[in-house]
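What follows is a set of notes on a single structure, which appears directly below.
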Amino acid sequence: MAPPEKTGRSPPPAPPRRRPRMVSKSGAERSAYFARREAAKVLRSALQGDARRRAVGSIKSLVYSPSIRNKKATFALVCQTLKHLPLIKEVFAATNLLSSKWKRQEELVYVTAYDVLFGQDIAMSGPVEKFLMLHKNELQSALAKLYVREKVKSIENLLLMYQTPVSSKPRYVRVNTLKMDVESAIQELGKATTVMKDDLVPGLLVSPTGTDLHDHPLVINGSVFLQGKASSMVAVALCPKPGWKVLDACAAPGNKTAHLASLMRGEGKIIACELHKERVKVLEASIRKSGAHNVDIFHGDFLELDTMDPQFSKVRAILLDPSCSGSGISAERLDNLLPSYSQDNDTDAANSQRVKKLAAFQRKALAHALSFPAVERVVYSTCSIHQTENEDVIKSVLPLAASLNFELATPFPQWPRRGLPVFEGSEHLLRTDPTEDMEGFFIALFLRKQLKKRILRRQTGEIFFPFNKVSAMWMSNHYKKKKEIKHV
């Protein structure tokens, strides 16, 4: 074949070879590479939420969301990175390696640094990995200086100086009776672990500490929910009847909403209210997973709901589980690993400005819940151990509650731990203890006494109000101030 004729022009350059995204020696290295990226994504959400004090979800819920593929490896990396994060930050501070370029990928740098310093040998794969491996000696030298400064000989002893011990608790599983009966759930879960019925909460099962059921088919398809005992007590305390109209005032992430639907056997209507867009998505996923068809999700502010609106005027039960400090479940949520944990759990935490602002919102929300004209049962619950968010909130609304013919009832009367004795009637309140019960919850149940109601006639029809002069004056003042309410 004759050679091509010369034209005097250089031939066009060959197209550049696309650089492979990563060079990997094995499937394990590929898996570790992608797990680091998924862990960085979770870490970013957790740290940003912690900094704003408004988490989209717990660390566990972020890891076990549908968008995370390699859940076990990602969960381990996130937890280990957070445990070592104070040390990692000190190492970077000593080396000045975290320049503005890498600051944009800060979370991935931290996750990869954990692998470089404390974890497994990593492949020279992505740019962050290459950068840190290039400076590995500097990082290790800075870490060695920390050993000398703190006078320790092992990483375990060094970590103890930065961490708060965490107690472990049994694994609780709530059966979603919309999809499966309790006995069938026991039989299926029993193939993987030891499982028993809880002696207090119907449909709640308990397995040994350390049992991991996140990947179990029944959890994935929503036949059972991983939910703590105290959290499962809240919907049972409200005890809504099938066919009722029920309002879940601050519904996300949706475990309690799904529990309400299960208790109501899917009959009646549940309005699940959630203000924040990101949490609405989490709520929608939970309800979809539960198979509850009687739940309407309302994206809006509970405090702005018009109690006279026909959509809400016939609500008979309200579950109010408002934003709180989360001081009672820090270990369960793994919040003890987050930077704000030590600040929020010191001796002055109950009197901090954050807790006071939360309590102000909680009082307004509870007063609003009691104001719905047809409501018969209201449960107020928090996952806080602070009196400021619990007994003090209840005490503040008691005059209004009495004027609206509400009284405190006693949920789970056999439960030994009751409210702090700071006002008459606090024995009706329920507390769980972070040490004894491995989580700290608070539950108050208001029941409306069945008395004759005044009827106020309006053009829209007859609306029933158990009002007297005291409650009318209070509500008038309450609605004048509603526009000034700022959420925490």
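Contacts of Tyr172 classified as side-chain hydrogen bond (donor to acceptor under 3.5 Å, both in side chains), with partners at least two apart in sequence or in another chain: none. With sequence neighbours excluded, the residues that form a side-chain hydrogen bond (donor to acceptor under 3.5 Å, both in side chains) with Ser67 are Ser65. For Arg431, the salt bridge (charged side-chain N to carboxylate O under 4.0 Å, His left out) test picks out Glu391, with sequence neighbours left out. For Thr74, the side-chain hydrogen bond (donor to acceptor under 3.5 Å, both in side chains) partners at least two apart in sequence or on another chain are Glu38. With sequence neighbours left out, Asp437 forms a salt bridge (charged side-chain N to carboxylate O under 4.0 Å, His left out) with Arg417. With sequence neighbours left out, the salt bridge (charged side-chain N to carboxylate O under 4.0 Å, His left out) criterion links Glu183 to Lys197. Residues passing the side-chain hydrogen bond (donor to acceptor under 3.5 Å, both in side chains) test with Glu274, sequence neighbours excluded: none. Gln105 pairs by the side chain to side chain contact (heavy atoms under 4.5 Å, CB included) definition with Trp102, Leu108, Val128, not counting sequence neighbours. The salt bridge (charged side-chain N to carboxylate O under 4.0 Å, His left out) search around Asp215 returns none, not counting sequence neighbours.
Annotation: side chain of Trp415 is in contact with side chain of Thr432 (closest heavy-atom distance under 4.5 Å). Side-chain contact between Trp244 and Arg377 is present, with heavy atoms from C-beta onward closer than 4.5 Å. With contacts defined as side-chain heavy-atom distances shorter than 4.5 Å, the pair Phe412/Gln414 qualifies. In this structure, the side chains of Ile220 and His216 stay at 4.5 Å or more apart for every pair of heavy atoms. Considering only heavy atoms from C-beta on, Arg171 comes within 4.5 Å of Leu213 through its side chain. In this structure, the side chains of Phe92 and Val109 come closer than 4.5 Å at one or more pairs of heavy atoms. Looking at heavy atoms from C-beta onward, Val234 lies in side-chain contact with Leu319 at the 4.5 angstrom threshold. Side-chain contact between Phe302 and His368 is present, with heavy atoms from C-beta onward closer than 4.5 Å.
The shortest heavy-atom contact between Arg418 and Pro411 is NH2-O, 3.0 Å. Among all heavy-atom pairs drawn from Pro208 and Thr194, the shortest one is CD-O, 3.3 Å. Minimum heavy-atom separation, Ala258 to Ser290: CB-CB, 3.7 Å. Between Ser384 and Ser325, the shortest heavy-atom distance links the atoms OG-OG, 3.3 Å. Closest approach of Cys324 and Arg354 over heavy atoms only: O-NH2, 3.9 Å. Minimum interatomic distance between Ser207 and Pro170 (heavy atoms only, all atoms of both residues): O-CB, 3.4 Å.
Remark: the backbone N or O of Asn137 is not paired with any side-chain donor or acceptor of Ser141 at under 3.5 angstrom. One N or O on the side chain of Ser352 and one on the backbone of Val355 form a donor-acceptor pair closer than 3.5 Å. With hydrogens and angles disregarded, a donor-acceptor distance shorter than 3.5 Å links the side chain of Ser327 to the backbone of Ile385. A donor-acceptor pair is defined here as one N or O able to donate and one able to accept, closer than 3.5 Å; no such pair exists between the side chain of Asp198 and the backbone of Leu204. In terms of modelled atom types and a separation under 3.5 Å, the side chain of Asp115 and the main chain of Leu117 share no donor-acceptor contact.
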Thr257/Leu283 under side-chain contact (heavy atoms from CB on, under 4.5 Å): CA gap, chis, key distance, verdict: CA-CA 9 Å; Thr257 314; Leu283 174 61; 4.1 Å; yes
Note to self: Does Val393 form a side-chain contact (heavy atoms from CB on, under 4.5 Å) with Tyr380? I'd like the steps, not just the answer.
What the structure shows: CA-CA 10 Å; Val393 169; Tyr380 172 83; 3.9 Å; yes
ask   = For Leu366 and Ile394, what are the C-alpha separation, side-chain angles and deciding distance, and is it a side-chain contact (heavy atoms from CB on, under 4.5 Å)?
value = CA-CA 8 Å; Leu366 180 53; Ile394 301 304; 3.8 Å; yes
Check against side-chain contact (heavy atoms from CB on, under 4.5 Å), Leu43 and Val111 = CA-CA 9 Å; Leu43 191 63; Val111 170; 3.9 Å; yes
Working for salt bridge (charged side-chain N to carboxylate O under 4.0 Å, His left out), residues Glu90 and Arg149 = CA-CA 12 Å; Glu90 285 212 34; Arg149 189 187 78 187; 2.9 Å; yes
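In this structure, Arg37 satisfies the cation-pi test against Tyr33, with its NZ or CZ atom closer than 6.0 Å to the six-membered ring centre and inside 45 degrees of the ring normal.
In summary, the side chains of Ser231 and Asn255 do not present any donor paired with an acceptor at a separation below 3.5 Å, with no hydrogens or angles considered. Between the side chains of Thr382 and Gln362, no donor-acceptor pair of N or O atoms lies under 3.5 Å. Glu389 and His386 share no side-chain donor-acceptor pair at under 3.5 Å. Side-chain contact of Ser184 with Asp181: a donor-acceptor pair under 3.5 Å is present, judged by distance alone.
Put simply, the residue from Leu247, Val295, Leu305, Ile318 that forms a side chain to side chain contact (heavy atoms under 4.5 Å, CB included) with Ile271 is Leu247. If you run side chain to side chain contact (heavy atoms under 4.5 Å, CB included) between His84 and each of Ile88, Leu82, Thr81, only Ile88 comes through.
For the atom pair Glu138 CD and Leu134 CG, the distance stands at 8.0 Å (nearest 0.5 Å).
Applying the salt bridge (charged side-chain N to carboxylate O under 4.0 Å, His left out) definition to pairs two or more places apart or across chains, none involves residues 67-80. Sorted by first then second residue, the salt bridge (charged side-chain N to carboxylate O under 4.0 Å, His left out) pairs that include residues 248-258, not counting sequence neighbours, are Lys256-Asp321. Screening residues 287-297 for salt bridge (charged side-chain N to carboxylate O under 4.0 Å, His left out) gives Lys269-Asp296 as the qualifying pairs, with residues at least two apart or on separate chains.
The pair Glu284-Lys277 does not meet the salt-bridge criterion, since no charged nitrogen lies less than 4.0 angstrom from a carboxylate oxygen. Using a 4.0 Å cut-off between a side-chain N of Lys or Arg and a carboxylate O of Asp or Glu, Lys191 and Glu188 qualify as a salt bridge.
Other residues, nucleotides and ligands place more than 12 heavy atoms under 6.0 Å from the NZ atom of Lys229.
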